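So the structure is just underneath, and the comments pick up after that.
Chain identifiers are assigned alphabetically (A, B, ...) following the order of the sequence lines, protein sequences preceding nucleic acid strands; residue numbering begins at 1 within each chain. Bear in mind the structure is a predicted one, so any value in this text is a computation, not a measurement.
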Amino acid sequence: QDAEITEFRIGILGGENAQDRLNNYTCLQDYASEALGVEVKLFAPADYNGVIQGLLGGTIDMAWLGASSYAATYLQDPEAVEPVLVKQNMDGSIGYHSIGFARVDSGITSLENMQGKVFGFGDPNSTSGYLIPSIEIPQATGASMESGDYFGEVKFTGGHEQTIVAVFNGDIDGGVTWADAQGNWEDGYNSGALRRAVDAGLVDMNELVEIWKSNVIPEGPVVLRKALPADVRETMTQLVDGLFERDQECAYGVAAGETLGFQPVTHDTYLSVIAAREAKIGG
Amino acid sequence: MLHITELTKTFNGKTAVNKVSFDVKQPKMIGVIGRSGAGKSTLLRMLNCLTTASTGTISFNGEDVTGLRGAARRQWQSRCAMIFQQFNLVPRMDVVSNVLHGTLNRRATWATMFNLYPQDDIHKAIEILDRLGIAEQAPKRAEALSGGQQQRVAIARALMQDPDIILADEPIASLDPMNAQIVMDALRRIHEEDGRMVIANLHTLDTARRYCDRVIGMRDGRVVFDGTPDQLTTGVARDIYGAGADFSEAATSTQIETLDRPKAEIAKTAALV
Amino acid sequence: MLHITELTKTFNGKTAVNKVSFDVKQPKMIGVIGRSGAGKSTLLRMLNCLTTASTGTISFNGEDVTGLRGAARRQWQSRCAMIFQQFNLVPRMDVVSNVLHGTLNRRATWATMFNLYPQDDIHKAIEILDRLGIAEQAPKRAEALSGGQQQRVAIARALMQDPDIILADEPIASLDPMNAQIVMDALRRIHEEDGRMVIANLHTLDTARRYCDRVIGMRDGRVVFDGTPDQLTTGVARDIYGAGADFSEAATSTQIETLDRPKAEIAKTAALV
Amino acid sequence: MSTAELDLLKSQADSLFARKRIMGFALPAIVLVYFTYIFFAFDIPSLAQRANMDNAVTIASDSWSYKVHVTRTNRTGEIAYAVEGERKGTYPDGTRPDWVTGEDITTVTLGPDTIVRFLPENRTEIDIAGFGPITAQATGRQVTTNLGETIPDWINASDRRVTITLPDGRVTLTGSKTEVFRYFPGWELFWFTLDSPYHGHGIWSLLTGPQLDPQRGNSSGAISDWWNNPMWRHKDIAWAISETILMAFLGTFGAAIIALPLAFLAAKRFAPLVIIRGITRRFFDFVRGVDALIWTVVLARAFGPGPLTGSLAILITDTGTFGKTFSEALENVDEKQIEGISSTGAKPLQRYRFGVIPQVVPVLLAQVFYFLESNTRSATIIGAITGGGIGLMLTQAIQTQKDWEEVAYYIILIIIMLMVMDSLSGWLRGRLIGRKD
Amino acid sequence: MSDATMTGTHTVETLQASYMAQVQRRRLYGGLTLLIFVLLMASGFNVADDRNAGGFWEGLSQIGDYPADVLSEAWDKRADLPALIAKFFPALVETVNIAAVSTLVGAVAGLILSLLSTRGLARFPRLIPLFRRIMDIMRAIPEIVIALVLIFVLGGGPVPAMIAIAIHTAGALGKMFSEVAENADLKPVEGLASTGATWAQRMWLGILPQVAPNYISYSLLRFEINIRASAILGFVGAGGLGYELRNAMAWGPGRFDEAAAIFILLFGTIVFFDQLSSRYRNRLTEGHTA
Ligand SMILES: Nc1ncnc2c1ncn2[C@@H]1O[C@H](COP(=O)(O)OP(=O)(O)OP(=O)(O)O)[C@@H](O)[C@H]1O
Ligand SMILES: Nc1ncnc2c1ncn2[C@@H]1O[C@H](COP(=O)(O)OP(=O)(O)OP(=O)(O)O)[C@@H](O)[C@H]1O
Ligand SMILES: [Mg+2]
Ligand SMILES: [Mg+2]
C-alpha cells in the first residue's frame, strides 16, 4: 500500500466560477507539491458527482466534500475515502443550516404558504440543497416531497446559485440553499450561498424572506483516498490543518470564506447524514 | 405599337446590342436572324425586361417599358410572353401547372403557392393545350415529354399569359426537324388566328423566309437588314452571316429540310455555300 | 506453350464458356472475336485467373495454371498481363505509379505500401512510356489523360510486368478510331519486337483481320472458328456473329475506317452487310 | 379532339388540382396542429410572464461594461475601492479613482448629476439632481433615512437595507456597510490589472515611452503581465481553448484511425462472412446510439475529469459514425481499379492499398475534416460536462451569473475558434482532396 | 508515334530525372506530413493524458465499472423498469419535441437564408455576403451558449433549448441548402420570371421542386443530430430527458435503476430515429437519381 505516488490530484467542488475555484486553490497546490515532492494537479468538475466519481475511480486523491457527497461516496464504496478534517466557523462551530426562502412579494412566509407551489432543490448531491430538506421538510409538512403531493412541483435547479436566482426571478416560488445563519439576513448572513449572491449583486435581500431553517448540518469533511500511502495522507492532513496558521489568505480561499481553520474529524460525525442518505435510497 | 429606339446593351465593356432601332406598326410575325453572338437573345431579353437595357428605349403603345421596376415590370412581362430554346419549364411539375404559370402575375402570390388557380383558368389551360394538340399530356410531368411537346407546353404557357407580344428565342434550335415544323406552325397559327405580334429569333434563314412577314438581320449587335423575306437575297444573307468559313447555311438548313419547300429555294440556299 | 483443354465456366447454371480447347505453339498474336455475351471476356479472365474455371485445364509450358491458389496464382498473374476495355487504372495516381503497379508482385508488400519503388523500376517505367510515346505524361494523374493515352498506360503497366502473355479484353472498344489505331499498333509492335504472346478480344472483324496472326471465333461460349485471318470468310463471319438483324458489322467497322486498309477489303466488309 | 373528350380531360385536371390542393394544405395543416400542440406543451403563453427582461438588460449592459465599487465598512470606517468589487481588482493602497475626492468627507461622483458623500459616524448623503438630497444613518442593523412614505420605484427601502438604482450606478446601504458602484463602458483591466506598472498605458507609450519597470523591458514585461492577467486570465483561457481543440483533434482522428480497418469488416465486398459484417455493423450502431453524452458520463468514472475523457467520448461515438460512412464509401468503390491491380498479381494488402485506398481517401478525408469542425463544437459542450476546456469556463461563468463581460469574452472567443476551425477544415479538405496520393 | 517523343523537347533522361525529383519531393512531403501527424497525435495524447485526472492506462481497466454498477442495480430492480420507462416517457417526448420543433423552424429559416444567399437566386444580390456571414455566425455559436444565456432570461424549460438548437440548425442547414441550390437549374426560374412571377413564386415553383428531396434528406439528418443535442442541453439544464438523466446519475446508487431506464429510452430513441432517417434518406436520394 505504501507505494510511491507520481502525482497528487485535488478535486474542487462546484459553486463558483471554475477558474476562480482553481485560483483559490493554487496556493494549496504549491504547498502540497513542496510537501509531497510530486506534481499536484487541480480539477474542478462541473458538478458534485464529478468529484465523487473521481474519488471512487481513484482519479482524485483529495477533496473537500459536502456531508451528503461524503455519504454518497461512503455508501458506494466504504473503502474509498476517509474524512480527516473539517472547517471551523468563526464561532468555533462546525455546522451550518439549510435555509428555505421565497420572494417577499409572493406573500409566502412559511412552509404552509408553499402548499401547491413550485419548490426547488439544488444539486441532488448537496446536503443542504437536497438531502437534509428532503428529510426534514416532509417531517414539517407531513407529506412527501413528490411533485403534486404537498408542493405543486418539485424541481432540481442544479446548484445553489441557480436556486437563488430562480427564486429571485420568480421561476420557482421557494427553494433551499445553505447559510451559516449567523449575522444579518439583509446581508445574506455571514457566509453561505446567499451572502455570495448578495456580494455579487445578484439579488437584493429585501426582496427575499426566510421561510424555513433546518437543524444544524455538519460541515463537509476534507477527505483523502484510503488507498494513498500513509505518509502522503499524513503529510496532507498536517498541511491543511496548519494552513490557517501558515497562510491566512490561502485558508480563506480554500475554505471559501472567513474561518478559524480546520480541525480533525472522523467518520462518526457523519453517521447521521449517512443514515439520512441511506434512508433516501431505501425510500 | 412597338417602338424601339437606339437600344443598346453593354456587358462589362462588351457591346452585345448596339443602337438597335425599329418600329412595328401592326402585329406582324417578325424573324430575327444573325449568327451566334449577334445579340439576338440579348435583344429579346431586353424586350421582356429580363435584362435591363444600358441605353435606348422600348415603348409599347406609347408606354415606355425600358425603365420599369418591380410590379410594373412584372406587369409588362406578363403582357409579353417569352419562349426559350431550352423550354425553361419546371420539369418536375405537371403540364397543366406549367401552363398555369402563365397566370402567375394575375394571381396573388400565396394563392399560387397553394395551387389555388380558378377553375376557369384550369379549363382554359386544357383548351390551349388542345389547340396545340397536346391535351392528352396534361397530367404528365413536363420532364416526361419529348422536346417538341415541351416546347408546345411553353407556347401554351405563353398563350395563357394572353400576351400582346410573343417573344421566341430560337424556339426550334433544340428540336428535330419534325418537331421544329410543328412548333413553327403553331407559332404562325397563333399569329394568324389571334393576331398577336410574334418576334422569333431564328437560326436558319429558310425558316425565317418561310414563316415570317418581316425579317430583321443582326450582326455584331447592329441591325444590318430589315425587310420582307423576299428582299433577303443571297448577298444580304452573306452580309448578315459574314461571308466566311464559319457560316454554312446548308448545315443549319438541313434541320427543316423535311419542310415542303419549293425545290428551287433549296437550290438557292445550297448555292450560298 | 499455351494449352487449353475443355475449359468451361458456368455462372449459376448459365454456361458462359463451353469446353473451349485450343493450343498455341509459338508466341502469336491471337484475336478472339464473337458477339456480345459470347464468352470472350470470361475466357480471358480465366486465363488471368481472375475467374476460376469450372472444369477444364489451362497449362502453360507444361505447368497447370487452372488450380493455382494464393502466391502461386499471383505469380502466374504477374506473368500474364491483362489490359481492360475501361483501362482499369488508378485514376488519382500519376502515370508512372500506375505503370509501376506492374511490379507489385515482385516487390515486398511493406515497401510498396509507401510507394517505395527501386529507382531502376522507375526509370524502366519511363522508358516503357517513352516507347509507347507518352513519356511526357509521366508525372500527370492518369485521370487527366485521354482514353487512348490511358490505354497506353495500361499497356505500359502490362509491359512492366514483363509478361509471357498479354491478354487484352476489347482494348479499343472505348476508343475513337484514331486512338484505336494507335493502341492496336502498339500491341502489334510489342508482339513483333518483344516476341510476346498477345491474346486480344476484339469487337470488330476488320481489326482482327488486320492485326492478328490467328483468329478464334466464339459463339455462345464455344469456339466456332479457329484459323488465319484469310480463312475468315463472309460465311464464317455470319456463323460467328449469327446471321441476323442484330449484327451490323458495317457499324462497328467504321470505327477504324481511318486505317490505311486496301480498298478491296473495305468493299469485302461492306458486302457482308 | 371532341368536346366530350375535352370535358373529360378538364374534369381530370380539376380533380388533379383538387388533390394537389389537399396535399398542399395537408402538410401546413399538420405542422400547424403540431405547433399548436407545442405551443401548449412548451407553455409558451406563460413565457412572457416568466421571461425576465431585467436579466436581459443585465446581460446586455454588463457584457460591455464594468463597475467600480466604493465600499465603506461601517464597523471600521475603512473605504475600499475595487473594480467589480473583486480582490483582484482592488486599487493599490493610497490610490483611488479620480471621481472620488475628499479627505474627511469622501465624495463619490456618480454620474453627471448625482453625488454621494460618506459623512462621519456612518452617515451617508446622496444628492440627486431633481430629486433632492437623501440622508441615511446606519446604526447597528438599522438604516434610517429621510425618505417619506412614497418612494419612487428606483429606490428599494426597508429599515434594514436601502438600494438606490441610478442610470450610472447603484447605492446600497445596510447596517454593516455602504456600497456605491458606478458603471463604465468597456472591459476594464482587460490588458493589465491595477497592480501592473503598465496599467493605463497605451500600446504606443509602451513601445516608445520610458522603461516602466526597472526589472523588465517594456514589451516583454507588458506581454507577461497581460498573459498572466489575474482578472481576465488570458493564459488559462488559451489553455482551455487548446484543450477543447485537442479533444476534437484526438477524438476525430483517433476515431478515423480505428474506424478505417473496422469499416472493411462491415463492407459487403470486403467481409464475406455475414456474421462478422453483422457484428461490426451492430457495434457501430451501438456506439453511435449510446451517444457522446452517455459515453462522457461512463468514461468520467474511469478516467476522471479532464480532456482525455472528452477525447475518448468523441472518439468512441465517432468510431461508430465513421465506421458507418466509411463502410458505405467502401461499398461504393469502383471494381475496375481493384481488378486492374489484381490482374498484375498484387497481394491482398497491395490490392487494398492501390485499388481501394486512393478511391476512398478523398471521401474519407472530406468526412473527417467535416467532423473535425463539428467536433470542436461538441468538445465545447462535452467539456462542460466532463470538466475541461473553454466549455467548462463558459458554463460556469454563465451559471454564476455575475461576470457577463467574461461570458461575452468567452462567447466571442468560442465563435472565433469555431469559425477558424470551420475555415481551416474547409481549406484542408480542399487541399487534401485535390492532392494526389 | 515514337517520332513524336524524339522530336519532343524532353529526352527520356531529363524526364526520368525530373520525375525522380518529383518522387523525392513527394516522399519528403509525404513523410513530413505523416511525421507531423504522428507527432501531433502522440504529443496531443500525452498532453491530454497528463491534464486528465486519471491516466489512460489505469482508467482502461475500470471502463466497465460504472456501467457494471448501473446495470447490476438495474438488474436487481428489473421489475420496476417498465414503470420507470413509463415515468420518464414524457421527458423523452419533450426531448424529441425540442428536436422536432427546432428542426422545423431551423429548416424554414435555413431555407429562406439559403435562397437569399445563393448567387443567381438571391432577392437582394448585394446582400449575399451579409446573409452568408449571418449563417456562419449562427452555425458557429454552440447551442449550449445560447441555451444557457436564454435560460437566464426566459427561465428553464424547453423553449431556450429549442431556440438555441433552431438557431444553430438554421445556420447549418442554410449552408448545406445553399450548396444544393447553387447547383439548381436556373432555366425554370428564368421561364417563370418571363411570365412576370414574383420572387417568392419563382423560388416556390421553380427552385423548391428541384431541391426538395435533398433538403428533406438533410433536414432528416439534422433532426437526428438535434435529438442528441437536445438530450445534451437537458443535461446542462434545459429540461427533457437529459435533465432527468443528470439527476438520476448525480444521486448515484439507489437511482441507478432510473438512470438505466433513461439510458434505455435515450439509446432506443437515437437508434430508432437514426435507422428511420437513414432508410428514408436513402429512398429520397435514390428516387432522386432514378
Ligand atoms: N450575361 C452576359 N454577360 C456577359 N456577356 C453576355 C451576356 N449575355 C450575352 N453576352 C454576350 O453578348 C453577345 C450577344 O449574345 P447573345 O446571346 O445575345 O447572342 P445570340 O445572337 O443570341 O447568339 P446565340 O445564337 O449563340 O444565342 C455575345 O458576345 C455574348 O457573349
Ligand atoms: N460474373 C458473372 N456472373 C454471372 N454471369 C456472368 C458473369 N460474367 C459473365 N457472365 C455471363 O457469361 C456470359 C459471357 O459473358 P462475357 O462477358 O464473357 O461475354 P463477352 O463475349 O465478353 O461479351 P461482351 O462483348 O459483352 O464483353 C454472358 O451471358 C454473361 O452474362
Ligand atoms: Mg441566343
Ligand atoms: Mg467482354
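Smallest separation of non-hydrogen atoms from Ala193(E) and Gln77(B): O-OE1, 3.1 Å. For the pair Arg74(B) and Ala197(E), the tightest heavy-atom approach, listed with the atom from each and the gap, is CD-O, 3.3 Å. When every heavy atom of Thr109(B) is checked against every heavy atom of Ala200(E), the shortest pair comes out as CG2-CB, 3.8 Å. Between Val90(B) and Gly206(E), the shortest heavy-atom distance links the atoms CG2-CA, 4.4 Å. Taking both residues in full, the closest heavy atoms of Met113(B) and Gln201(E) are given as CE-N, 4.3 Å, listed atom of the first, atom of the second, then distance.
With rounding to the nearest 0.5 angstrom, the CG atom of Asp185(E) is 7.5 Å from the CG atom of Asn88(B). Distance check: Arg202(E) CZ to His101(B) NE2 gives 13.5 Å after rounding to the nearest 0.5 Å. To the nearest 0.5 angstrom, Trp110(B) atom CH2 is 13.5 Å from Trp204(E) atom CH2. Atom OG of Ser194(E) is separated from atom CG of Leu47(B) by 12.5 Å, given to the nearest 0.5 angstrom. For the atom pair Thr195(E) OG1 and Asn48(B) CG, the distance stands at 9.0 Å (nearest 0.5 Å).
Under the 4.5 Å side-chain criterion, counting only non-hydrogen atoms from C-beta, Phe84(B) is in contact with Glu190(E). With contacts defined as side-chain heavy-atom distances shorter than 4.5 Å, the pair Thr112(B)/Thr198(E) does not qualify. Side-chain contact between Pro213(E) and Arg92(B) is present, with at least one heavy-atom pair separated by less than 4.5 Å.
Using a 4.5 Å cut-off between heavy atoms, Arg45(B) touches chain E through its side chain atoms alone. Only the backbone of Ala108(B) comes within less than 4.5 Å of a heavy atom in chain E; its side chain stays farther off. For a residue to count as touching a neighbouring chain, one of its non-hydrogen atoms must lie under 4.5 Å from one of that chain's; by this rule Gln86(B) touches chain E with backbone and side chain alike. For Leu89(B), the part lying near chain E is the backbone, with the side chain staying farther off; criterion is any non-hydrogen pair under 4.5 Å. Contacts of Arg157(B) with chain E are made by side-chain atoms alone, with heavy-atom separations under 4.5 Å and no backbone atom involved. Proximity to chain E is limited to the backbone of Cys80(B), based on heavy atoms less than 4.5 angstrom apart.
When the salt bridge (charged side-chain N to carboxylate O under 4.0 Å, His left out) test is applied to Glu179(E), no partner is found at least two apart in sequence or on another chain.
For Arg279(E), the CZ atom counts as loosely surrounded, since its 6.0 Å shell holds 12 or fewer non-hydrogen atoms of other residues, nucleotides or ligands.
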